[in-house]
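Take a look at the structure set out below.
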Amino acid sequence: MSRLRFTFDNQFVQQLPADGISENYPRQVQGACYSWAKPKQMQAPAVVSYSTEAAALIDLSEADCQSSDFTAIFSGNKPAEGMQPYASCYGGHQFGNWAGQLGDGRAINLGEVINQQGERWAIQLKGAGPTPYSRTADGLAVLRSSIREFLCSEAMYHLGVPTTRALSLMTTGEQVVRDVMYNGNPAPEPGAVVCRLAPSFSRFGHAQYYAQQDGDLLKQFVDYTISTDFPHLIRDGMPLGKDTYLNWFEEISTSTCDMIVHWMRVGFVHGVMNTDNMSILGLTIDYGPYGWLESYDPNWTPNTTDAAHHRYAFGQQAQIAHWNLYQLANAIYPLIEDVPPLEKLLNDYADRYAEQWLLMMCKKLGFSTVNKESDSELIKQLLAFFSLHETDMTIFYRRLANLASSENGLDIEQAIEQLNPAFYPDSLPDEIKKTLSDWLTRYWQRRQKDPLTAEQRVALMNQVNPKYVLRNYLAQLAIDKSEQGDHSGVNELLEVLRRPYDEQPEKEHLNQKRPDWAKHKVGCSMLSCSS
Ligand code: AMP
Ligand code: MG
């Protein structure tokens, strides 16, 4: 028995119906929310990295994370007392089309821990072997995609973006064969398992799939979700009814909207916003072929599967989230049976997004107030400027704050010099320089009218404009090293990304724009779903 002890309270399996078949083979599951599924025994699990902040969520100390029990438990090799491993059943719209049953094909849920603060944290392994939902795939994950999930989850958390968390990253000691670019070149790669944590891993696709089943599976799932994740919506002794479900949908819509505003703030492109990858809690979930904007381009997506349509490109994300909310609204309609209030909430999403996006953009520019018309125009002009010459969004906004700290009026030449490191290449042709200098002049005038002091403005800007993000090429460099057995790159990135808004002068090399070699390199600007 394990030395590490947890208090489990596995509500998902206690409240919802289980699949009657207990063998683990691929199948269509009807009338159940999950199937029992044990993690595969891995040959030689070894810890690559762990997050101390995520560990604290389930009351694990640094010493606990370095114990052999930790490796055994969070690789899936040894159950802790109270764990009840299962894979959940869900469906989803993939690239706009209903895909039927999907489910946890390579995620195995271990249970829900109640920590010392009384918080619920569901524990899930990704890459822990096949489940009844694995279809034709192996249920495993490779090191490169696991590093990407592990680092990005924690980077997003420290950036203040709602996200599932990553506790640990381990290699399994086994090889997994993948055809990285789906071009007929399968090759063995190191296998890995990530342990992730979230208050709940429920997705839009859960409700969507249960809505298509006979009986009251949908109601059971929604009532369970409300009782565990949205208990504040329940009025004492009152049965759940139409108003509760509408309030619930409103919260999902709001948190989804706010999550996308954050993505737009930090330059994150999810890459696969299928409805099965949308969290009911408005958390960023399922880090696959995601990417970080290098040159600002609303049409950019790192996902090669989406290269033809750009459905999930950076600038599409708000609309796609809205479309996904429509699908969720359709799914839960039988619980509400009233179109106008649902439609109103869907319209409210668009209004809220427009308002929150503008507020966020104003903060990025260092404005404490919002002048709807004129600020929208100023922002529009800036984004139009970005389309004239490749501009690194992260470096640009960060440097705009430094420029803002000079109080002797604006020296345009000096200002442009200050911004130069954000441009690809880093000197602007005269005509474009003129456009920027005109914009900077207007920006300066607007800024002067804002009530903030110079110091307050820099502070505001540096709280919303990160200095360090998980640049695509940095993740790939760390992966290249790790695949050779040297995990120092992963741990260096994890460390620096814990304080993304701090200057960290000794880490300046991790704040550089994309080098030329990375522009068209697989893993840097092009990613497939192969993982
Ligand atoms: P994704 O595109 O990664 O969100 O996955 C879509 C569906 O495919 C989900 O049901 C996943 O669990 C499943 N899936 C993805 N990769 C694998 C794999 N290697 N083995 C089994 N199922 C997988
Ligand atoms: Mg997924």
Side-chain angles (χ1 to χ4, degrees), residues 19 24-29 33-35 37-40 42 76 85-109 124-146 148-150 152-153 163-164 166 172 174-180 182 186-194 196 198 200-206 208-210 269-281 283-291 301-306 311-312 320 324 327 527-531:
D19 174 12
N24 193 350
Y25 63 91
R27 59 182 176 269
Q28 292 291 309
V29 173
C33 294
Y34 64 93
S35 307
K38 288 201 172 70
K40 172 181 179 293
M42 299 298 177
Y86 70 95
S88 77
C89 181
Y90 57 80
H93 279 88
Q94 297 189 315
F95 295 92
N97 303 307
W98 178 244
Q101 177 185 298
L102 296 165
D104 292 323
R106 55 139 155 219
I108 294 184
N109 303 276
Q124 190 177 78
L125 301 181
K126 189 164 172 182
T131 76
Y133 309 98
S134 297
R135 296 177 284 170
T136 56
D138 56 12
L140 302 173
V142 292
L143 182 57
R144 75 184 139 78
S145 66
S146 305
R148 286 168 50 81
E149 167 125 24
F150 175 78
C152 204
S153 306
T163 178
T164 60
T172 60
E174 299 181 16
Q175 299 282 298
V176 173
V177 174
R178 288 289 183 270
D179 185 358
V180 181
Y182 299 131
E189 300 185 40
V193 175
V194 168
R196 47 186 194 180
S200 146
F201 288 99
S202 293
R203 303 151 186 268
F204 289 15
H206 280 107
Q208 283 186 287
Y209 193 69
Y210 304 149
V269 188
H270 183 283
V272 206
M273 290 178 69
N274 294 333
T275 56
D276 51 299
N277 290 337
M278 297 293 293
S279 143
I280 294 268
L281 293 177
L283 306 173
T284 314
I285 191 172
D286 279 8
Y287 292 89
Y290 67 82
T301 173
N303 185 356
T304 49
T305 312
D306 195 22
R311 178 181 171 87
Y312 298 140
I320 288 291
N324 289 342
Q327 308 316 312
L527 288 138
S528 74
C529 292
S530 154
S531 54

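Worth knowing before you read on, the calculation uses all heavy atoms, side chains too, and leaves out hydrogens, waters and symmetry mates. None of the values given here were measured: they were computed from a predicted structure. Start at 1 and go down the list; that is how both ligands and their atoms are numbered.
- The shortest contact between atom 9 (C) of ligand 1 and any protein heavy atom is with Gly103 O, 3.5 Å.
- By the 6.0 Å and 45° rule, Arg148 stacks over the aromatic ring of Tyr290.
- Remark: ligand 1 and Asn277 share an N or O pair separated by less than 3.5 Å (distance only, no angle test).
- Between Arg135 and ligand 1, a contact under 3.5 Å exists for at least one N or O pair.
- Among all non-hydrogen protein atoms, the one lying nearest atom 5 (O) of ligand 1 is Asp276 OD2, 4.7 Å.
- Nearest to atom 6 (C) of ligand 1 among the protein's heavy atoms is Gln94 NE2, 3.8 Å.
- Between Asp104 and ligand 1, not a single N/O pair is under 3.5 Å apart.
- Among protein atoms, those of element N, O or S found less than 2.8 Å away from the Mg ion (ligand 2) are Asn277 OD1, Asp286 OD2.
- Contact annotation for atom 2 (O) of ligand 1: protein absent (non-hydrogen atoms, distance under 4.0 Å).
- Every N/O-N/O distance between Val272 and ligand 1 stays at or above 3.5 Å.
- Aromatic ring pairs are classed by plane angle as parallel below 30°, tilted from 30° to 60° and perpendicular above 60°; the pair Trp98 and Tyr209 is parallel.
- For Gly105, a nitrogen or oxygen atom sits less than 3.5 Å from a nitrogen or oxygen atom of ligand 1, counting backbone and side chain alike.
- Using a non-hydrogen distance threshold of 4.0 Å, Cys529 does not register as a contact of ligand 1.
- Put simply, atom 22 (N) of ligand 1 has protein non-hydrogen atoms near it, under 4.0 Å away.
- Contacts between Arg178 and ligand 1 below 4.0 angstrom, taking non-hydrogen atoms only, involve the side chain exclusively.
- Aromatic ring centroids of Phe150 and Tyr287 lie 6.0 Å or more apart.
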Practice problem: Check step by step if salt bridge (charged side-chain N to carboxylate O under 4.0 Å, His left out) holds for Lys40 and Asp138. | Solution: CA-CA 11 Å; Lys40 172 181 179 293; Asp138 56 12; over 6 Å; no
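- Shortest contact from atom 20 (N) of ligand 1 to any protein heavy atom: Gly139 N, 2.7 Å.
- Atoms of ligand 1 lying under 4.0 Å from at least one heavy atom of Asp286, given by number and element, are 4 (O).
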